[in-house]
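For reference, the structure discussed in these notes is given below.
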Protein chains: 2
Amino acid sequence: MQQRPNIVDIAEKAGFSITTVSRVLNGKADKYRISKATQQVIMSTAEELNYVPNEFARNLRTGKSKTIALIVPSLKNPFFAEIASVVNTEVRKYNYITLIGDSDDNIENEKTEVLHLSSRNLDGMIIVPCGDEWGHLERLQEKGLPLICIDRYFEGLDLSFVSSDNYEGAYSASKYLIEHGHTSIACIQGVRHSTPNIQRVKGFIDAMVGSGITSYTVTGDAFSEQNGYLETKLLLQQKARPTAIFAFSNTIAMGCIKALKEEKVKVPDEISLITFDDNPYLNYIEPPLTCISQPVEDICKIAVKILFSNILEHDVSPKYVLLKTQLKVKASVKNLDHVL
Amino acid sequence: MQQRPNIVDIAEKAGFSITTVSRVLNGKADKYRISKATQQVIMSTAEELNYVPNEFARNLRTGKSKTIALIVPSLKNPFFAEIASVVNTEVRKYNYITLIGDSDDNIENEKTEVLHLSSRNLDGMIIVPCGDEWGHLERLQEKGLPLICIDRYFEGLDLSFVSSDNYEGAYSASKYLIEHGHTSIACIQGVRHSTPNIQRVKGFIDAMVGSGITSYTVTGDAFSEQNGYLETKLLLQQKARPTAIFAFSNTIAMGCIKALKEEKVKVPDEISLITFDDNPYLNYIEPPLTCISQPVEDICKIAVKILFSNILEHDVSPKYVLLKTQLKVKASVKNLDHVL
DNA sequence: GTTTTACGAACAAACGTTTGCGCATACAAT
DNA sequence: ATTGTATGCGCAAACGTTTGTTCGTAAAAC
């Protein structure tokens, strides 16, 4: 009794068997026809003893851990921090707990994390895969682990995902630039093989081609500040600088700004900038960045919902969900089209 | 064998007892004089079977969960996201796992989280307490849970903490303003009863008084953007506006900027701004904000170290660690003192 | 007066580990 | 021969739950 009280202590003190106590505490009292009186007694002694069930024993017995894992490329990136925050709170509502793993945008780390976390008998996993490998994820799913990708995902697999409609987002951002008279546009992309990136490139190019723009470029290879910085530096070397840059993530945009500042290029007067991802800080940057805002909160909520319909109701059919993005006009795109 | 292999499967396949397998797998082979040959066999069958220990069974048996909890006020705040990230990776190095809880800066949530997470048989906890209550934390510690506060803490308790030297940080920021000729200075504080805030206020006032400045004010009551916004709005209403504002956190600073922008007050030309906390985005704000940078990474690393010296070596003596902050001069403070 | 039905609760096994002892065997020392 | 001492390994209990099955008893039905 000194240590944490267990179900046995309650049973002894209340004068009932362990079985009965367990059933009452698990809300299965009615199912097993346990009298109200008994329920009362057991409940109050549990209360009195300040009983907290030992999850390990429970999980060992049931095989369920009431735990899911969330793996993101980097918690330091506010975009993923928000995801972590939302997923965490959503999962709590089911009385489950979230284990957060950080792959540091490295596929080997991701695999290690997946393995490491698996030893915790996960009931499910939400992942923002960092690379273009999915074998380890498929294997996980084949073992029966409910799994869902968010933000980044893979096409043509039986792997559920929830993400933004990246094609449409990129298309509308590009259209927006074109409508503002830009005819020489560069986009700085992220990880090349990632589906969101591929979709964004497609949206970008379709918008260009559809509007008869021929002077466009696609460069870059990482969703990182460094990539944004380097590519912008290079773009500024060109004899004919683009009039607008489309950054494929907020991190890339940060890099762009750093480079533009260094080179003393005024935004939007000399070069316009538009970016994917919204975040509070974007409002405090000068100028506030016009962006394609992703419905992060909705993405997370839907993902959690799908995950739990898989965990709880064994609905294993893969779901492919794309959510509309939103163009948020701020002040980083100049209107070159004075006819308008 | 279809399902996850366990230690029994290995024992059968290798032709040894469960005991021996367990000992080999736990690196206690030598201690129990198990022959190299046997070790080899067991190791390779474990490998072959792709064995991953069931942490629940292990934890049930040992009473240790190899899990610690981290509770922060808000994961969405980049300051705490960074803490989460660093703590997470540091803890992993010990082969432990981190459960992250979000109190949403609400003391009731914090208590709930503490309770909820406790059922997971935590081996330790790191917390950024959100309020001025510590009873629930003391109780936790009395139950034998290794516990340590970071960033925010309480004085006069047997509760370990690692934080910045807030007094010195605030003092040097204030001194910096004074040295740049400011004589009318407002500071916008955070949660009033929190020790860091109290220390910062003290540092601020000591600097003011020490330099004979009489025209200073201390306002505000939360580490939030809203607080920064509202207080700045109010400050701007005064007939005699301060020439400099000292924001006590990056979130407060964001609010200040928002208000200053709205009122079209130029920083630093019309009002100078200095803030606590550094973060990458601060560099992209116009102007880049001069700030008191906290050694977040070091704080986390030291906290984790202390926590594990408690967990592993049962060193329960409370540790009180304050780390030096660093003044990072950027461009948001104007030098009014032309004599310099 | 016997059988049925409903009710209320308990037995005991199982989940996968770890670990304090104990048990052989073999060889050396007495 | 007996004792001593390494060496190499296994028995079985324990951790705290959950749960399929069983077991009384009392009231209801025949």
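Proteins come first, then strands; the chains are lettered A, B, ... in the order of their sequence lines, and each starts at number 1.
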Tell whether Arg61(A) reaches the base of dT18(D) with its side chain through a donor-acceptor pair below 3.5 angstrom.
-> yes

Rounded to the nearest angstrom, tell me the gap between atom [atom1] in [X] and atom [atom2] in [N].
X         : N       : atom1 : atom2 : value
Asn59(B)  : dC15(C) : CG    : P     : 18 Å
Arg120(B) : dG16(D) : CZ    : P     : 18 Å
Arg58(A)  : dG16(C) : CZ    : P     : 18 Å
Ile42(A)  : dG8(C)  : CD1   : P     : 13 Å
Lys66(B)  : dG16(C) : NZ    : P     : 20 Å
Lys31(B)  : dT19(C) : NZ    : P     : 8 Å

Please examine the side chains of Asp9(A) and Tyr51(A), heavy atoms only from C-beta on, and report whether any two atoms are closer than 4.5 Å.
-> no

Should Asn6(B) be listed as having a side-chain N or O under 4.0 Å from OP1 or OP2 of dG16(C)?
-> yes

Has Ser22(A) got a side-chain N or O lying under 4.0 Å from the OP1 or OP2 atom of dT17(D)?
-> no

Using a cut-off of 6.0 Å, state whether more than 12 heavy atoms not belonging to Lys305(B) lie near its atom NZ.
-> no

Which of parallel (below 30°), tilted (30 to 60°) and perpendicular (above 60°) describes Phe308(B) and Tyr96(B)?
-> perpendicular

Check each of Lys111(A), Arg139(A), Arg152(A) against Glu133(A) using the salt bridge (Lys or Arg N to Asp or Glu O under 4.0 Å) test, and report the only one that passes.
-> Lys111(A)

Output, in order, the C-alpha distance, side-chain angles, deciding distance and verdict of ring pair (Phe, Tyr, Trp, His ring centres under 6.0 Å) for Tyr153(A) and Tyr320(A).
-> CA-CA 10 Å; Tyr153(A) 57 99; Tyr320(A) 312 119; 8.7 Å; no

The residue, Thr62(A) or Asn26(B), whose nearest nucleotide of DNA chain C is more 5′ is Thr62(A)

Side chain to side chain contact (heavy atoms under 4.5 Å, CB included) between Asp315(B) and Asn310(B), worked out = CA-CA 4 Å; Asp315(B) 175 3; Asn310(B) 187 338; 5.5 Å; no

Mark up nucleotides 5-10 of chain D, 5' to 3', with B wherever a protein heavy atom is under 4.0 angstrom from a base atom, S wherever such an atom reaches only the sugar-phosphate, and - elsewhere.
-> --BBBB

